[in-house]
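Take a look at the structure below.
Proteins come first, then strands; the chains are lettered A, B, ... in the order of their sequence lines, and each starts at number 1. Please read these numbers as outputs of a predicted model, since none were measured by experiment.
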Amino acid sequence: MIGPAVAATGELAPATPSARRLLGYAALPLTLFAALVAALASVPLPWSVHAAWVPSLGVDLAFHVDGLAAQMLLLICGVGSLVFIYAAGYLAGTPRGGRALLLLSLFLLAMIGAVSADNLLLLFVFWELTSVLSFLLVGFSHEQEKSRKSAQQALLVTGGGGLFLLAGFLLLGDLANTWSIRELIAAAPHLVDEPLLPLALGLVFVGTFTKSAQFPFHFWLPNAMAAPTPVSAYLHSATMVKLGIYLLARLDPAFGQLLLWDVVLVAVGSITALWGALHTLRERDLKRILAWSTVASLGTLTMLVGLPNPAAALAVASFLFAHALYKAPLFFVVGNLDHGAGTRSIDHLTGMRRYMPWTAAAAALAALSMAGLPLSFGFVAKDVITAAKAEAELVALAGHAAVIVGAVSVAVAAVASLHVFWGRDNASRDAHPHEAPWTMLLPPLALALLGLLFGIMPATVDPLLAQAAQAMAPELGAVTVEASYDAAPVLTALALTLLFGGAIYAFWDGLHRTLERASWLDAYGPAAWYQRKLQALSHIAAWHTRLLQHGLLDRYLLTVLAVVTAVALLALFLSAGRWQWPAAQGVSLPLAAAGAIAVAGALATLRARDRFVLLLASGLVGYGCAALFLFAGAPDLAFTQFAVETVFVVVAAAVLPEIRGRRAAAPALPPPARIEPLKLLVAVAFGTTLSLFLLRAAGLPFDTALSEFFGANSVPVAHGHNVVNVIIVDFRALDTLGEIAVVAFALLAASPLFKLARVGRGGTP
Amino acid sequence: MTPRALMFEVAMRALYPLLLAASLWLLLRGHNAPGGGFVGGLVAVSASAAYAIAFGARRARLRMPLGPPALAAAGVLMALASGLPAALLGLPFLTHLWTTLPLGVVDLPLSTVMLFDLGVYCCVWAAVGGYCLELLGAQEHNT
C-alpha cells in the first residue's frame, strides 16, 4: 500500500525541489525530538499506552517506553532531525528528492513504532515496514542497475529474515501464551525447559541477524551504500541496523541466562566483528569502508549483548550511543566529499582540508570519538566495554576480536580524518573541490561536538544510559558510567589499540593490496552464495514457466480440468457419505426441451469445424442451461446467464475474424475435428466426477435454515420480494461491494495490456 | 474500416436507447421481481457492444456517461456511499435505510438500496463493457 501512495505523492511534488522546500520535512523529527526531550524531563519512565486493535487475536496497540526504548527514540528523533536537515541540502536539486524525504519520514514513524511496541506482532509489523522502506530508499536511484540490485538484496535478506522472526515470535507467543513482550520476559523462567524454545530462539536469531547485518547475512549492508548518503547515515548506521541489536537487548533479561543465547551471540558477534574488520581493509571507497566498519561495530554490539554479566548492559547502551554519535557524522563527511570533490575513493582524496575546512573539523572530531581517544564519548564507551569484558570470562575469540576491531576502528578514523584531510594534496581530481552548504555542515558538526561534550561530561547522559542498561539487566541496580572508571586496564587497552591501529594505518596500502589478492573471499563468501542461489531461483522459475506457461489454450484447459478431476475424486473417496439416486420426479416438457438444447449444442461442438459454428454451438449450450434455470425456478440466474451468453457470443463473434486474419498463412479452415484420446479421457472423467458429486450431494439432507430465514425476512426487514436481489444488495451487501470492486479492478488490470497491444500493432495508444 | 452494415446501423440508432431503457427497467424492478443491478448492467453491456459493432468502439465509449474506468470507480463509490448513512447513525455499515416520498396519488418508497444497486449497475456496465469495447476496438485499429 505504501508504494502506490508514495508514488502518487512523489508525482505531486515538484520534480527537482529546492533545499528550502525540503527543509520543511525536518519539522517532523524536530517536533518529535523536542516533545521527547520535554517528556523525558518531566514524566518519569516507563510510559505505557494500550489500546485494543484486534482483540480476538490478542494483537493490541500496546506501547511501552522504558530506558532502552527511550534511548533508541532519542537516537531516532535526534539523529533523525540532523539527517533530515542534511538530506535537504544533499538532495536539493535531485529529481524526486521530496520522495526520499517522505520515505524517510515514514521510516522515522515506523522506527518509533518498532522500538516502543510492547506486542510481538505489532513489533513485527513495524519491523517489516522498516525493511520495505529501506528497500525503497536503497533503490532511490532506480535508474542504476546497481541500486536496483542492492535494494532487492536488502529486501530479500531483511524481509526474508523478518519471516523467520515472525515464525519465532509465533512460537514464543505460543509457548508463553502471550503476545506482550513484558509478559513474555516475566514468563521466560518457566520456558527454559520447553523443547521448542531453542527452535524459537533460533528463528528470532535469524531475524535479528539479517536485520543487524550479522555474519553470514551481513553482505547486504555494504551493498546498501548505493543509497543516498543521508539514508546510509540514518538507516544503515544509526537506526535500522540497530533494530536487531535492540530486539536482542530487549529479550536479554528473558533469555540472557541461557547458554545457547550467550554462545550464539558471542560467537556470531565476534565472527561478524572480525569479518567486518577484515573487509574494511579491502575497500578503497570511503563509504564502503565505513559500511564495513559498521558491520564490525554491530558485531561488537551483538557480542556485548551475549555477554552474561550485567555490566555488559551498560556497555551496550554506551556503545549504541557512541557509535551513532561518531558514525553518522563520518557518513555525512563522506557525503560532503562526494558532493564537493566528486569522488569517494581514498586514492583521490588527500589534503582536502584546504578546500573543505568545516568538513575537516567535523571529521576530526568524529574520528577522535571513533578512535576512542580521551575526552571523547568513544573513550567513555570503550572504557565501559573494557570493564565489561574484564568482568566476563571471555572466550579467546571474542577477546581478540574486540582488540582487532578496536585497532581497525582507529585505522579507519585515521583514514577518514588524517589521510583524506591532512595529507599532501597531490591527487589528481577532475572537479575543483568546494565546501558544502550549511545544511550539510551543521549536522556532522553538531553530532561530533555532542560526542565530545558527552565525553567531557558523561554525567549529562548518565541517567539515561543507566536506565537503558537496567532495562536490559534489571539486577544491575543504579550504576553510572563514571562509577565504572578504572584507569589502569583502560589505558592499557587504549595504548594497545592505538598502537595496532597506528600500524594498520601506516601499512594500509600494503594490507589492502595483500587482501585484494585474496580473491577466494569473493568466490566463497556468503555474498557469492547468495548470488548463486538467486541465479538458481531464476533458472527454476524459467524452467517451470516453460513447462507450465506454454501459451496453448487447450492445454491449459486440459491441465485445469485434469487437476480438478483428480482432486475432486480424491475428496469424494476420502469423505464418508452415501450415494443416492435422486427420487424420480416427473420431468416437465420445457425442462426436457432445455436440456435437449444444451446437449445438442455440446454434441455440435464436437463435430463443428468452423470456429464460427463452434462459437454458436457453445453459445447454444449456455442458452440451454439458461432455459433450464428459468424453468427450474431460478429466473434471476437465467436472466444473468442469458445476458452473459449473449454478450460473450456477440463480442467473440466480432473478434473472431481478427484472429483469423492474423493467421493468414494458415489454411482457411482449421484441420478436421479429431477426437484426441487424452482429451476425451479427461472430458469423460470430469463429467463423471461431477455426476458422482451430484449423487453424493443428493444423499445429504437439505438444510433449509438459510432459505427459510431469507424467505421470512426478505419483505419485513429488507422491503423486497425478490429474495435473490435482496440477498445481493442487502443481506450480503458487503460481499457484493467486494465483488464489484474486483470487477472494477479487473478492468484496471486489463487496460494496460490493451494499451500495450495497441502500441504493439502501431495503433494510437 | 470494415464495410458498413447500413440496416444494422439504422436499427442500432433506435435499439441502443431501447436496450438501455430495458436495462434500467430491469435495474429498478429488481428488488421485487427478477432483475437487479447485475442483470441490468449486463444488458447495458450488450447495448454498448452492439453499438460498437455498428459504429465502432470509440463512439460507443463516447455514448457511455463517463469513461469506463471512471464509471466503474463511480459505481464502486456509489455502493460504498450507500452504506455510509447507516454507519453515521451508528448502525452496522451497509444497513439500508428506507423512507417514503409522498407524491400525492401514490407514495414512492426510496432507499439507500437503490444507490447501492445503481452502483452495481454502473460498475458492471463500465467494467465488462469497457473490456468488450477494448476487444472490439482492437480489431478496428488493425484494419
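Heavy-atom distances place both the backbone and the side chain of A:Ile728 under 4.5 Å from chain B. For a residue to count as touching a neighbouring chain, one of its non-hydrogen atoms must lie under 4.5 Å from one of that chain's; by this rule A:Leu748 touches chain B with the side chain only. Within the 4.5 angstrom heavy-atom criterion, no atom of A:Val724 approaches chain B. For B:Leu26, the part lying near chain A is the side chain, with the backbone staying farther off; criterion is any non-hydrogen pair under 4.5 Å. Both the backbone and the side chain of B:Tyr131 come within less than 4.5 Å of a heavy atom of chain A. In this structure, chain B has heavy atoms under 4.5 Å from both the backbone and the side chain of A:Ala733.
More than 12 non-hydrogen atoms from other residues, nucleotides or ligands lie less than 6.0 angstrom from CG of B:Leu62. For CG of A:Leu553, the number of neighbouring non-hydrogen atoms (other residues, nucleotides, ligands) closer than 6.0 Å is 12 at most. Atom CZ of A:Phe648 has 12 or fewer heavy atoms from other residues, nucleotides or ligands within 6.0 Å.
In this structure, B:Phe38 CZ and A:Thr736 OG1 are separated by 6.0 Å, a value rounded to the nearest 0.5 Å. To the nearest 0.5 Å, atom OG of residue B:Ser82 and atom CG of residue A:Asp730 are 9.5 Å apart. Atom CD in A:Glu645 sits 11.5 Å away from atom CG in B:Leu42 (nearest 0.5 Å). Within the model, atoms CZ of A:Phe745 and SG of B:Cys123 stand 10.5 Å from one another, a figure rounded to the nearest 0.5 Å.
Of all the listed residues (A:Thr640, A:Val729, A:Leu637, A:Val726), the one sharing the greatest number of non-hydrogen pairs under 4.5 Å with chain B is A:Val729.
Between the B:Asn32 side chain and the A:His721 main chain, a donor and an acceptor come within less than 3.5 Å of each other. Between the side chain of A:Asp636 and the main chain of B:Gly35, a donor-acceptor pair closer than 3.5 Å is present.
B:Ala49 and A:Val651 make their closest contact through CB-CG2, 4.1 Å (heavy atoms, listed as atom of the first residue, atom of the second, distance). In this structure, A:Ile740 and B:Ala79 approach most closely via the heavy-atom pair CD1-CB, 3.7 Å. For A:Leu747 against B:Gly130, the heavy-atom pair with the smallest separation is CD1-C, 3.9 Å.
Within the 4.5 Å cutoff, the side chain of B:Asp117 has heavy atoms near those of the A:Asn725 side chain.
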- Show your working on side chain to side chain contact (heavy atoms under 4.5 Å, CB included) between B:Val39 and A:Phe642 and close with a plain yes or no. CA-CA 9 Å; B:Val39 184; A:Phe642 274 126; over 6 Å; no

- Give the intermediate values and the outcome of side chain to side chain contact (heavy atoms under 4.5 Å, CB included) for residues B:Cys132 and A:Val647. CA-CA 8 Å; B:Cys132 291; A:Val647 170; 3.8 Å; yes

